[in-house]
Structures are given as C-alpha cells and as structure tokens.
Amino acid sequence: LTGINKRWFLGQYPCQWGSILNITPSEAKKALTGKGNASKEVVKQYAEALIGKILSQDEADAVAIGLATQKKGWEIESQ
C-alpha cells in the first residue's frame, strides 16, 4: 500500500449504522500509547504488552485501530 502514513487502509471500517468510520494513524497511536506521534516501534511494544505475545507490525496496527474505534464509541459489524 502506498500513502499509508496519510491514512491506514485498515483504518476504514463500516460501523453498525452502515457509515464508514475513519481512524487516522495519530488517533490509533494515541488510543494505544497516549501519544499521537508515537513511533511504529513504540506502537508495537505497547500492543505486544497489551496482547501478551509477539506481534507483527500489521497486527500491532490492528490493535491500535481497534482501540481507537472503541474509544470513538463505534462498534464494528462482524461479518
């Protein structure tokens, strides 16, 4: 994916009302680490501490996006 720093591809989810919820990298980083400008390494460390196992960078990003989504008060529809 190109332009991943502008908006993560995985950061766009349908919410329960059928809209799209956009999560920016800064929102995801802040939800997980408390800092919107955290490095990828810090995001990975926090996600691994939260989940309790070694994660890939993509998995760590998904954890951060999930927390940001939850903090925005939206539920992701299961498929």
Does Ala38 offer a backbone N or O that forms a donor-acceptor pair with the side chain of Lys29 under 3.5 Å?
yes
Is Val63 close to Val43 at the side-chain level, that is, under 4.5 Å between some pair of heavy atoms?
no
Kindly say whether Gln45 contributes a backbone atom to a donor-acceptor pair with the side chain of Glu48 at under 3.5 angstrom?
no
Taking all non-hydrogen atoms of both residues into account, name the closest pair between Ser56 and Lys44 and its distance.
C-CE, 4.2 Å
How long is the gap from OG1 on Thr69 to CD on Glu27, to the nearest 0.5 Å?
9.0 Å
I need the minimum non-hydrogen distance between Ala64 and Ala31, along with the two atoms involved.
O-CB, 4.3 Å
On a heavy-atom basis, the closest approach of Ala68 and Ile23 is CB-CG2, 3.6 Å
Ion pair check, Asp61 and Lys40, cut-off under 4.0 Å
yes
Exercise: identify the closest heavy-atom pair between Tyr46 and Leu32
CD2-O, 3.5 Å
